[in-house]
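I have placed the structure first, in the form of structure tokens, so that the comments after it can refer back to it.
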Amino acid sequence: MKLNTLLLLSFVTASLQAAPEFKWSTQEIDQITIGYGLQLSDINGDGRTDILLADKKTIQWYENPSWEKHVIASDLTERDNVCIAARDINGDGKAEIAVGGQWNFLETNKDGAVFYLAPPKDRSQAWSPVQLPNDPSVHRMHWILGPNGSYSLVVKPLRGKGTIGGIGPGLRVLEYIMPRDPTGEWTLSVINQDLHQSHNFHPVNWDDDPEEELIIAAKEGSWHFDRGEKGQPWEATQLTKNFSGEIRDGKLPNGKRFIACVEPMHGNTAAAYVEPESGESLWPQLKVLDGAIKDGHAVAIDDFLGIGSDQVVVGWRAMHPKDIPGDPGIKLFIPNQDGSEWTSQKLSGAEIAVEDIKAGDLNGDGKPEIVAAARQTKNLTIFFNES
């Protein structure tokens, strides 16, 4: 075989074996207080994705591309804000916003609050809060697509009412239907009330209908909830048994669906599970991605490398170093074809103590950026995708 042919084969082999790498540049766009909740959505209808933040006492959005901050609500409750939902639910190209507050980590009888924020004509100015009914311990929320193209707000507490240490009634996952006049009475229904200590959840669409379902992380493991036929309860399917705090879904290079979780709540393990073969129920674990994270608090999944399948970003905040020594960090995990092996890249360390992470294309180049809000380090940072 000729020398140049051998060299070409050697080059191709090396290229195939080399793990892809994420390349990025960072921009810190603000110093914040805590950064409880992030969302990415177009707020002013200019076709660009903006950044929204539920900080300790303020709700604000950062206008793309200048990242000018617009504070649209302040001091909604005596205690902290804790979560935010933003999505265009009426097709006008501008996101509607809901927020949760009056956050009290251990209290389960009275604290918590839910607000719909009614926008002014100039969306950079103060929005009008419409307070809605709530269960205690409001913690996470999402707008989800429902029947006939309608949207509803799903709100999930961290704990069940009156529970102590996860013992007691299950928490109620509530669905809110907005009336024609948002200041009127919203219709509430219970999606599920069997889980305990559920930190995070996420909307998905795993079936053939346009309606979205939910995946929920909880003390009882991770679960999938699908809307039943009209008038019927939501159908619950257990995915994993380990106590999980964070959950997101993606696709492997071989096309199979997977989920990535942080275990347990505020835990030290990031793990991936794969959709089971037909006839099986629980999802088998693919891999422990990392068993030494410190206070894991955020997961984002997207195709950051532009390879046609997904990778996993995990962030942790190391909030109690005296109990579990170690630094905060963010890592990217990249699966092989079937997810049996993963490579990792460190994206940041002690400089960003992650409270929340979201992924989305901010500059219109088709590649998702990573946005991280940090607690102890008090910074809001964009990782611009240069892969």
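Note that the structure is predicted; figures quoted are calculated from it, not measured. In what follows, residues are counted from 1 in the order of the sequence shown.
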Task: pair Arg159-Leu106: side-chain heavy atoms closer than 4.5 Å - done: yes
Task: Backbone N/O of Ala217 and side chain of Ser198: donor-acceptor pair under 3.5 Å - done: yes
TODO: Quick one: pull up CD in Gln345 and CG in Leu305 and give me the separation to the nearest 0.5 Å.
DONE: 7.5 Å
- [ ] Could you tell me whether the side chain of Trp342 reaches within less than 4.5 Å of the side chain of Val312, counting heavy atoms only?
- [x] yes
Open item on the list: Is any side-chain heavy atom of Glu175 closer than 4.5 Å to one of Leu188?
Closed with: no
Task: Check: His139 ring centre within less than 6.0 Å of Trp103 ring centre - done: yes
TODO: State, yes or no, whether a side-chain contact exists between Trp234 and Leu214 at a heavy-atom distance under 4.5 Å.
DONE: yes
Task: All salt bridge (charged side-chain N to carboxylate O under 4.0 Å, His left out) counterparts of Lys331, not counting sequence neighbours - done: Asp290
Task: Ring geometry between Trp61 and His70 (parallel below 30°, tilted from 30 to 60°, perpendicular above 60°) - done: tilted
Task: Pairing of Asp92 and Lys94 as salt bridge, 4.0 angstrom limit - done: no
Open item on the list: Suppose we screen for side chain to side chain donor-acceptor pair (under 3.5 Å). Which residues come up paired with Ser387, at least two apart in sequence or across chains?
Closed with: Asn385
- [ ] Answer whether the closest heavy-atom distance between the side chains of His266 and Arg317 falls below 4.5 Å.
- [x] yes
- [ ] State, with a plain yes or no, whether a side-chain heavy atom of Ile247 is found less than 4.5 Å away from one of Trp223.
- [x] no
- [ ] Please name the residue in the list Ile84, Asp88, Ile97, Leu52 that meets the side-chain contact (heavy atoms from CB on, under 4.5 Å) test with Ser41.
- [x] Leu52
Open item on the list: Once rounded to the nearest 0.5 Å, what's the spacing between atom NE2 of His199 and atom CG of Leu158?
Closed with: 6.5 Å
- [ ] Report the relative orientation of the aromatic rings in His142 and His202; use parallel for angles under 30°, tilted for 30 to 60°, perpendicular for over 60°.
- [x] perpendicular
Task: side chain to side chain donor-acceptor pair (under 3.5 Å): pairs with one or both residues in residues 363-372, sequence neighbours excluded - done: none
Task: Glu213 bridged to Arg227 by N-O distance under 4.0 Å - done: no
Task: Over all atoms of both residues, closest heavy-atom pair of Trp316 and Asp327 - done: NE1-O, 3.0 Å
- [ ] Compare all side-chain heavy atoms of Ser309 with those of Leu252 and state whether any distance is below 4.5 angstrom.
- [x] no
TODO: Output the distance between atom NZ (Lys251) and atom CD1 (Ile301), rounded to the nearest 0.5 Å.
DONE: 12.5 Å
Task: Ring geometry between Tyr116 and Trp186 (parallel below 30°, tilted from 30 to 60°, perpendicular above 60°) - done: tilted
Task: Pair listing, side chain to side chain donor-acceptor pair (under 3.5 Å) test, anchored in residues 161-171, at least two apart - done: none
Task: Phe333: ring-ring contact (aromatic ring centres under 6.0 Å, His included) partners, not counting sequence neighbours - done: none
TODO: Verify, without hydrogens or angle tests, whether Gln238 (side chain) and Thr240 (backbone) share a donor-acceptor contact under 3.5 angstrom.
DONE: yes
Open item on the list: Ring-plane angle category for Trp67 and Phe384, please: parallel below 30°, perpendicular beyond 60°, tilted otherwise.
Closed with: tilted
- [ ] Would you please say whether a donor-acceptor pair under 3.5 Å links the side chains of Asn242 and Ser244?
- [x] no
Task: Check: Thr377 side chain, Ala353 main-chain N or O, donor-acceptor pair, under 3.5 Å - done: yes
Task: Minimum heavy-atom distance between Thr49 and Asp361, given as atom pair plus value - done: OG1-O, 3.5 Å
Task: Non-neighbouring partners of Phe115 that pass ring-ring contact (aromatic ring centres under 6.0 Å, His included), sequence neighbours left out - done: none
TODO: Classify the side-chain pair Asn148/Ser150 by whether it contains a donor and acceptor separated by less than 3.5 Å.
DONE: no
